[in-house]
2 protein chains.
Amino acid sequence: MALSHTILTFLSECAHSGYDLGKRFEDAVSCFWKASHQQIYRELSKMEGLGWVEAEAIAQQGKPDKKLYRITESGRKELESWFELPCIPTPIREDLLVKVLAGSYLSRSVLIQQLTDRRSLHQAQLDCYREKEHAFLKVDNPEEHLVFRYLTLRRGIRYEVEWIDWCNEVLAAIS
Amino acid sequence: MALSHTILTFLSECAHSGYDLGKRFEDAVSCFWKASHQQIYRELSKMEGLGWVEAEAIAQQGKPDKKLYRITESGRKELESWFELPCIPTPIREDLLVKVLAGSYLSRSVLIQQLTDRRSLHQAQLDCYREKEHAFLKVDNPEEHLVFRYLTLRRGIRYEVEWIDWCNEVLAAIS
DNA sequence: TTGACATAGCCAACAAGTTGAGTATAAGGT
DNA sequence: ACCTTATACTCAACTTGTTGGCTATGTCAA
């Protein structure tokens, strides 16, 4: 049920359309939460059914109509009680680890390819996060909101660094 | 489809029952792949339908009958071609990060509780992995299989360390 | 003028993962 | 005598996430 709570968190700040939410997932929380437009739209209708959000149809000129969603009192309560619930860590499922575990059955060159490909992927992501980090660190006396967002970004940065380091460790071990 | 390939990797070594596989997932790869018994049993029947594995019923004394699964030629081919496919990194979805992002809406004490709880969870897991690491490092001239398994364990260790460090970073930042 | 991209949403089918129950036997502890 | 744990597997219902298609309009570049 945590996708809905992530959405509720965004709606706590201000009203969003499903489309807006999709973009926020893309550029604000992609380092720890992935959600497709389809998933978001479906979740929003479910949440409307539960009474956690309210929709208002907005006609726009030059653009299609949109539905603006607002958090309700009941949604706010739901979110607050969720905050206090213990978090269950996400189960991990990583294909690449399976390939390393099966290392004896793979040709060395394929394994190296898999690892170097993966490393560049994480390097690219890291570069992107580093830029965001740099932008934040230039701000004097940042708002609390921004600080919390920065702390989640730090998690993303650590995640990427850790992947790169591990790829390097494995590459060193097998050559 | 990667659960089936993880199973195929285990079956490459030797025949397993669904129950055996469940235990191997628990103690050998839990640091990067979680799978319930139910999931494994269902996946095995699907794989039997695809011809990737063959089942043999084994009667046992004092224990229930079991089904021993063996990888087939077609399963082996499937696995080999999967090895060469590019890996898509697992999308991340972490409740705790949502709570940190929403930090302004949580009471400081709840947030601290969430972070310290999470940190102890990862600390306990890390201790367990450290023991396994220690056991491996005592072996002289380990088999290649064991080396690859160790490398996946290293990933698990890095993962836990990284979580602990990040929790500490956030805790330091908010107090 | 044609195609790509952004805006804005909907639906259906499928794949994957979770939860909870049910069926059995045997070993070991309280 | 009863309870828990381990072995061993099955089924059903549900939630979550993915894939691909569909409907529109407007802008910008090749």
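Order of the sequence lines sets the chain letters (A, B, ...), proteins ahead of strands, with each chain counted from 1.
In this structure, the side chain of A/Asp20 engages the main chain of A/Ser17 through a donor-acceptor pair within 3.5 Å. Between the side chain of B/Arg93 and the backbone N or O of A/Thr90, no donor-acceptor pair lies under 3.5 Å.
Residue A/His122 forms a ring-ring contact (aromatic ring centres under 6.0 Å, His included) with just one option from A/Trp166, A/Trp163, A/Tyr129, and that option is A/Trp163. The only option from A/Glu54, A/Glu56, A/His16 that meets the side chain to side chain donor-acceptor pair (under 3.5 Å) definition with A/Arg70 turns out to be A/Glu56.
Within 6.0 Å of CD on A/Glu144 lie more than 12 heavy atoms contributed by other residues, nucleotides or ligands. Annotation: B/Glu26, atom CD; neighbour count of heavy atoms from other residues, nucleotides and ligands within 6.0 Å does not exceed 12. Summarising the local packing, CG of B/Leu137 is surrounded by more than 12 heavy atoms from other residues, nucleotides or ligands at distances under 6.0 Å.
A/Val161 is not connected to A/Leu121 by any chain of hydrophobic side-chain contacts under 4.5 Å among Ile, Leu, Val, Met, Phe, Trp and Tyr, and they are in different clusters. A continuous path of Ile, Leu, Val, Met, Phe, Trp and Tyr side chains, each step under 4.5 Å between heavy atoms, connects B/Val110 with A/Leu8, placing both in one hydrophobic cluster. In the hydrophobic cluster analysis, where Ile, Leu, Val, Met, Phe, Trp and Tyr join through side-chain heavy atoms closer than 4.5 angstrom, B/Tyr41 is grouped apart from B/Phe10.
Among all heavy-atom pairs drawn from A/Ser12 and A/Leu79, the shortest one is OG-CD2, 3.4 Å. Annotation for B/Ser4 and B/Trp52: closest pair OG-CZ3, 3.8 Å, computed over non-hydrogen atoms.
Taking 4.5 Å as the limit, every side-chain heavy atom of A/Glu162 sits out of range of all side-chain heavy atoms of A/Asp165.
Ring geometry for A/Trp82 against A/His5 counts as parallel: the plane angle stays under 30°, on a 0 to 90° scale with 60° as the upper cut. Ring geometry for A/His145 against B/Tyr105 counts as perpendicular: the plane angle is over 60°, on a 0 to 90° scale with 30° as the lower cut.
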Full working for side chain to side chain contact (heavy atoms under 4.5 Å, CB included) between A/Arg155 and A/Cys31: CA-CA 8 Å; A/Arg155 182 62 179 76; A/Cys31 84; 5.6 Å; no
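Under the 4.0 Å criterion applied to side-chain N and carboxylate O atoms, A/Lys77 and A/Glu80 are not assigned as salt-bridge partners.
Residue A/Lys34 is out of contact with every strand shown, counting any heavy-atom pair closer than 4.0 Å. Across all strands shown, A/Glu43 has no heavy atoms under 4.0 Å from either base or sugar-phosphate atoms.
DNA chain D lies under 4.0 Å from no heavy atom of any residue of residues 47-56 of chain A. If you check residues 6-23 of chain A against DNA chain D, you find no residue with a heavy atom closer than 4.0 Å. Of the residues in residues 78-93 of chain A, those lying under 4.0 Å from DNA chain C by heavy-atom distance are A/Pro91, A/Arg93.
Between A/Arg42 and A/Leu68, the residue whose closest nucleotide on DNA chain C is further toward the 5' end is A/Leu68.
For B/Phe32 and B/Tyr159, the gap between ring centers reaches or exceeds 6.0 Å.
When the C1' atoms of four end pairs are superposed on the next four at each end of the helix from C/dT1-D/dA30 to C/dT30-D/dA1, using five pairs per end, the two resulting axes differ in direction by 30°, to 10°.
Of all nucleotides in DNA chain D, those with any atom nearer than 4.0 Å to a heavy atom of chain A start and finish, going 5' to 3', at D/dT16 to D/dG26. From the 5' end on, the contacts that DNA chain C makes with chain B at under 4.0 Å to a non-hydrogen atom open and close at C/dA16 to C/dA26.
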